[in-house]
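Following: one structure in structure tokens, then a few remarks.
Just so it is clear, the model here is predicted, and its values are computed rather than measured.
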Amino acid sequence: KAGVTQTPRYLIKTRGQQVTLSCSPISGHRSVSWYQQTPGQGLQFLFEYFSETQRNKGNFPGRFSGRQFSNSRSEMNVSTLELGDSALYLCASSLSSKNNEQFFGPGTRLTVL
Amino acid sequence: QQQVKQSPQSLIVQKGGISIINCAYENTAFDYFPWYQQFPGKGPALLIAIRPDVSEKKEGRFTISFNKSAKQFSLHIMDSQPGDSATYFCAARDASNTGKLIFGQGTTLQVKP
């Protein structure tokens with residue numbers, strides 16, 4: 001069974017631009033969560049989607065948004081990029097919103113210049 | 001109250017030794033405690049997890065010890081190997097906040113040959 005895939009793996013943007021990251025969960029998994037990983041703040045929860053609905057949201061500004069499609073694939077968008085948005089963005093999938101085991105993808109490394 | 005505190009920040013162990021990483025939490029609503037292992041350039045991989053109704057769980061060389069009254073849990077890596085050198089994260093999930101994992105700050109483990 002294929003794992004969680006994330007595209008692109010690396011991205012370089014400049015301040016003020018916007019970016020869209022994509023995540024394909026493990027086949028059969030319907031819940032997708034997004035996390036931001038930085039050296040200073042560690043792993044922080046962004047949001048969770050299940051059945052195309054946002055179920056949970058972390059403490060991030062409204063510039064961070066996401067969505068989930070009917071095939072469970074998910075995208076997250078960051079608008080008006082800031083230098084501090086440089087991070088590894090990780091997607092995790094699980095069978096359902098109540099299922100505890102979350103499996104992470106390799107992440108997208110975003111660099112904002 | 002949502003924090004998970006992890007220690008030590010870094011750890012050096014000789015091959016064959018025991019690596020011990022500790023985590024503490026405050027939120028009594030946490031009901032699931034996973035440990036993740038992350039290698040450079042990779043996403044976190046689920047290693048082992050425990051629920052608060054058991055005091056210990058063992059999988060191969062990895063053991064979680066859980067002390068509900070002290071609100072602490074720890075990861076023990078027996079017979080540590082150089083291939084175990086990685087960053088380890090503890091995490092916790094709030095039963096009322098499905099899909100959201102709260103992560104510790106991570107421990108960088110180096111196992112010397």
TODO: Measure B:Pro34 against the heavy atoms of chain A and call it side chain, backbone, both or neither at under 4.5 Å.
DONE: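 Contact with chain A: none, neither part.
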Open item on the list: I'd like to know if the side chain of B:Tyr36 reaches the main chain of A:Phe103, judged simply by a donor and an acceptor atom lying under 3.5 Å from each other, with no hydrogens or angles considered.
Closed with: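 Not at all, since once roles are kept as given, no pair shorter than 3.5 Å links the two residues.
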Open item on the list: Are more than 12 heavy atoms, taken from residues, nucleotides or ligands other than B:Asp53, located less than 6.0 Å from that residue's CG atom?
Closed with: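 More than 12 heavy atoms, drawn from other residues, nucleotides or ligands, come within 6.0 Å of this atom.
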Task: Within 6.0 angstrom of B:Glu59 CD, more than 12 heavy atoms from elsewhere - done: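 Yes.
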Is [X] linked to [Y] within one hydrophobic cluster, defined over Ile, Leu, Val, Met, Phe, Trp and Tyr using a side-chain heavy-atom separation of less than 4.5 Å?
X	Y	value
B:Phe62	B:Ile64	yes
A:Tyr10	A:Ile12	no
A:Phe47	A:Tyr89	yes
A:Phe50	A:Val32	no
B:Leu47	B:Phe30	yes

Task: B:Leu46 CG to A:Gln102 CD distance, which is reported to the nearest 0.5 Å - done: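 B:Leu46 atom CG to A:Gln102 atom CD measures 9.5 Å (nearest 0.5 Å).
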Given heavy-atom pairs under 4.5 angstrom as the criterion, report whether the side chain, backbone, both or neither of [X] touches chain B.
X	value
A:Leu46	neither
A:Tyr35	side chain
A:Arg9	side chain

Open item on the list: Quick check on the 6.0 Å ring-centre criterion: do B:Phe103 and A:Phe45 meet it?
Closed with: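 They do not qualify: ring centres at least 6.0 Å apart.
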Task: B:Gln38 and A:Gln37: side chain donor to acceptor below 3.5 Å - done: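 Indeed, the side chains of B:Gln38 and A:Gln37 share at least one donor-acceptor pair under 3.5 Å.
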Task: Closest non-hydrogen atom pair between B:Gly43 and A:Leu90, with its separation - done: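 Reported closest heavy-atom pair: CA-CD2, 3.9 Å.
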